[in-house]
There are 2 protein chains.
Amino acid sequence: MSEQGSRAVGRAGAGRPGVPNATVARLPVYLRALHALADVGRTTVSSEALAEAAGVGSAKLRKDLSHLGSYGTRGVGYDVGELVHHISSTLGLGQRWSVVLVGVGNLGQALAGYGGFDDRGFRVAALVDADPARVGEVVAGLTVLPLQDLPRVVREQGVSIGVIATPATGAQDVCDRLVAAGVRSILNFAPAVLQVPPGVDVRRVDLSNELQILSFHEHRKAALADQVVSA
Amino acid sequence: MSEQGSRAVGRAGAGRPGVPNATVARLPVYLRALHALADVGRTTVSSEALAEAAGVGSAKLRKDLSHLGSYGTRGVGYDVGELVHHISSTLGLGQRWSVVLVGVGNLGQALAGYGGFDDRGFRVAALVDADPARVGEVVAGLTVLPLQDLPRVVREQGVSIGVIATPATGAQDVCDRLVAAGVRSILNFAPAVLQVPPGVDVRRVDLSNELQILSFHEHRKAALADQVVSA
DNA sequence: GTTTGTGAAAGGATTCACAGCA
DNA sequence: TGCTGTGAATCCTTTCACAAAC
């Protein structure tokens with residue numbers, strides 16, 4: 001999410017009226033479900049069926065899609081191919097974005113080798129690491145570059161997204177360098193809160209956070225079960 | 001988030017009045033910031049300073065903490081140690097939870113080797129993989145077990161959280177087996193939507209989703225920049 | 001008959017702004 | 001004076017329920 005909670009307005013000119021953040025966060029899920037349907041040969045789908053596949057309610061799905069425009073047919077459903085196209089274009093997946101991955105430790109290597117990037121429109125343009133000992137190593141077909149090369153790499157490769165997979169120490173430094181090099185979208189796997197200037201988006205993925213949230217719910221379920229027993 | 005959007009009520013008996021989901025999701029962030037402060041020797045902190053470190057507004061932080069009770073001192077701030085204790089106990093981190101990790105591919109191995117588990121109260125009790133060729137391998141000090149051993153492992157080790165790091169294909173099968181074995185909290189790294197019975201919590205972490213959300217914002221920023229240029 | 005698209009209602013979350021306490 | 005805790009206001013999201021369209 002952006003720093004401002006406002007909806008993504010994009011007004012004026014020939015702009016879309018603006019898609020709520022909560023909706024944007026679900027569009028990738030719909031997109032994946034649609035691709036799965038297309039692979040199986042389905043050409044149309046109802047809001048009910050698509051919602052089921054995406055794990056949401058059908059009313060929510062329809063409201064979400066209504067923000068992109070009116071692309072369904074009453075009494076029939078949505079055309080799978082058409083929806084894929086409209087969601088992709090809303091998400092800006094018409095172009096291939098270049099990504100630079102910083103940190104080639106355990107996690108960084110796993111990410112570099114993961115299919116998730118090429119999946120849809122993302123290209124790992126370069127690997128970077130602060131550790132001189134790692135520079136020159138070849139990981140997933142790319143030679144690891146030193147941190148100093150960031151500005152050049154970003155410029156020459158047209159990088160617009162930075163992925164941070166370093167330890168918490170040093171994540172802020174890496175972030176500052178990315179921002180200085182002109183990157184305005186950052187995906188942070190390091191367990192640290194990054195401070196960034198306005199206009200830069202950061203999304204954080206944190207294993208430990210997720211586990212702790214599950215812990216809360218598990219804890220609560222255990223407490224409820226105890227109540228039942230003692231009742 | 002749970003399947004129902006309601007707040008985590010936990011009423012009756014000696015229960016906390018209930019902490020909103022949005023708050024629960026931020027508590028781990030506060031906790032980390034507090035640990036960092038403690039490591040540096042700070043013993044008290046104001047809502048302003050803690051909020052800054054956690055990357056949120058101070059009013060939001062205070063409202064969040066107010067749901068756990070009244071543990072601050074007006075004119076002074078919060079006692080770091082006391083807050084750590086109360087947040088930890090709210091999150092159910094008083095006990096060590098046992099985790100089973102399914103899938104020891106690229107990502108699974110990175111997760112197994114990651115410090116994020118031992119970090120605070122989590123223990124990887126076992127590694128499991130569906131591929132017979134991997135069974136017996138030793139990863140991060142643990143021998144990889146076959147999928148069939150899940151029920152036994154869950155029972156004997158008291159596992160309450162399952163982490164799925166398999167490819168999308170097979171994720172649902174693994175999920176079903178985890179649920180059948182009695183696991184009610186699942187962290188899913190596979191790019192798939194899991195269907196689970198009520199009472200089971202699933203949290204999903206998806207690289208590709210996150211990138212697509214960033215893509216949306218980047219796309220929007222580019223469109224805005226174009227407008228400025230043509231104005 | 002079926003299914004979308006959407007106003008209106010309900011429910012959460014965030015922000016404001018200030019009373020109350022140290 | 002400084003800072004927390006919290007009602008009230010605002011904003012965002014979800015859900016409901018049904019008219020319109022096929």
Side-chain angles (χ1 to χ4, degrees), chain A residues 1-9 16-27 29-30 34 37 42-80 82-83 86-87 90 213, chain B residues 1-9 16-27 29-30 34 37 42-80 82-83 86-87 90 213:
Chain A
M1 238 143 285
S2 300
E3 34 287 298
Q4 347 79 310
S6 92
R7 86 179 36 186
V9 113
R16 281 266 106 256
V19 184
N21 275 321
T23 296
V24 171
R26 282 185 296 265
L27 291 180
V29 181
Y30 302 154
L34 286 165
L37 288 168
R42 294 281 308 253
T43 77
T44 73
V45 66
S46 70
S47 64
E48 194 66 50
L50 182 53
E52 157 91 23
V56 302
S58 65
K60 196 190 274 186
L61 175 95
R62 288 200 300 279
K63 177 72 69 168
D64 281 342
L65 294 185
S66 78
H67 289 114
L68 317 194
S70 220
Y71 300 123
T73 309
R74 290 164 202 240
V76 179
Y78 300 90
D79 181 274
V80 171
E82 205 183 340
L83 247 199
H86 286 299
I87 293 180
T90 300
I213 294 168
Chain B
M1 237 144 286
S2 304
E3 37 286 297
Q4 347 79 312
S6 92
R7 84 180 38 187
V9 114
R16 280 267 108 254
V19 185
N21 276 322
T23 296
V24 171
R26 282 186 295 265
L27 291 180
V29 181
Y30 302 155
L34 286 165
L37 288 169
R42 293 282 307 255
T43 78
T44 71
V45 66
S46 70
S47 65
E48 193 66 51
L50 182 52
E52 156 92 22
V56 302
S58 65
K60 195 190 279 188
L61 176 94
R62 288 198 303 278
K63 176 77 72 176
D64 281 343
L65 295 185
S66 78
H67 289 113
L68 316 193
S70 221
Y71 301 122
T73 308
R74 290 167 203 241
V76 178
Y78 300 90
D79 181 274
V80 172
E82 206 183 338
L83 248 199
H86 287 298
I87 293 179
T90 300
I213 295 167

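Chain letters run A, B, ... following the sequence lines, proteins first, then strands; residues in each count from 1. Basis for what follows: all heavy atoms, side chains included, without hydrogens, waters or symmetry-related copies.
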Q | Nucleotide nearest B:Pro20 when distance is taken to its side chain, options C:dA13, C:dC18, D:dT14 | A | C:dA13
Q: Rounded to the nearest angstrom, tell me the gap between atom CG in B:Leu61 and atom C1' in D:dC3.
A: 12 Å
Q) Can you find a side chain N or O atom of A:Arg26 that sits less than 4.0 Å from OP1 or OP2 on D:dT14? A) yes
**Q.** Along DNA chain C (nearest heavy atom to each residue), the more 5'-positioned of A:Lys63 and B:Lys60
**A.** A:Lys63
Q. Under 4.5 Å between any side-chain heavy atoms of A:Leu83 and A:Leu50, yes or no?
A. yes
Q. Taking atom P of D:dT4 as reference, at what distance in whole Å does atom CG of B:Leu65 sit?
A. 9 Å
**Q.** Nucleotide nearest A:Ser70 (side chain, heavy atoms from C-beta), chosen from C:dG5, D:dG5, C:dT4
**A.** C:dG5
Q. After noting the C-alpha distance and the side-chain angles of B:Leu61 and B:Tyr30, does the key distance pass the side chain to side chain contact (heavy atoms under 4.5 Å, CB included) rule?
A. CA-CA 9 Å; B:Leu61 176 94; B:Tyr30 302 155; 3.5 Å; yes
Q: Measure from CZ on A:Arg62 to P on D:dA21 and round the result to the nearest Å.
A: 16 Å
Q | Nearest-angstrom distance from the residue atom CG of A:Asn21 to P of D:dT13 | A | 6 Å
Q) Quick one: is D:dC3 close enough that its OP1 or OP2 comes under 4.0 Å of any side-chain N or O from B:Ser47? A) no
Q) Between C:dT3 atom P and A:Asp79 atom CG, what is the distance in whole Å? A) 16 Å
Q) C:dT4 P sits how many Å from A:Tyr30 OH, rounded? A) 13 Å
Q. For the atom pair NZ (B:Lys60) and OG (B:Ser47), what is the distance rounded to the nearest 0.5 Å?
A. 14.0 Å
Q. When you measure from the side chain of A:Arg74, which nucleotide among D:dC16, C:dA19, D:dC22 comes out closest?
A. D:dC22
Q: Could you go through the side chain to side chain contact (heavy atoms under 4.5 Å, CB included) check for B:Ile87 and B:Leu65 one step at a time?
A: CA-CA 9 Å; B:Ile87 293 179; B:Leu65 295 185; 4.2 Å; yes
**Q.** Test applied, side chain to side chain contact (heavy atoms under 4.5 Å, CB included); reference residue, B:Asp64; option that passes from B:Thr23, B:Val56, B:Val24, B:Val19
**A.** B:Thr23
(Q) From C-beta outward on B:Ser46, which listed nucleotide comes closest to its side chain: C:dT14, C:dA22, D:dT4? (A) D:dT4
Q: Specify the separation, in whole Å, of atom CG of B:Leu68 and atom P of D:dG5.
A: 10 Å
Q) B:Tyr78 side chain N/O closer than 4.0 Å to the phosphate oxygens (OP1, OP2) of D:dG5? A) yes
Q. Taking CD from B:Glu48 and P from D:dG5, how many angstroms apart are they, rounded to a whole number?
A. 14 Å
Q: Let me know, please, whether A:Ser66 or A:Val76 comes out on the 5' side of the other along DNA chain C by nearest nucleotide.
A: A:Val76
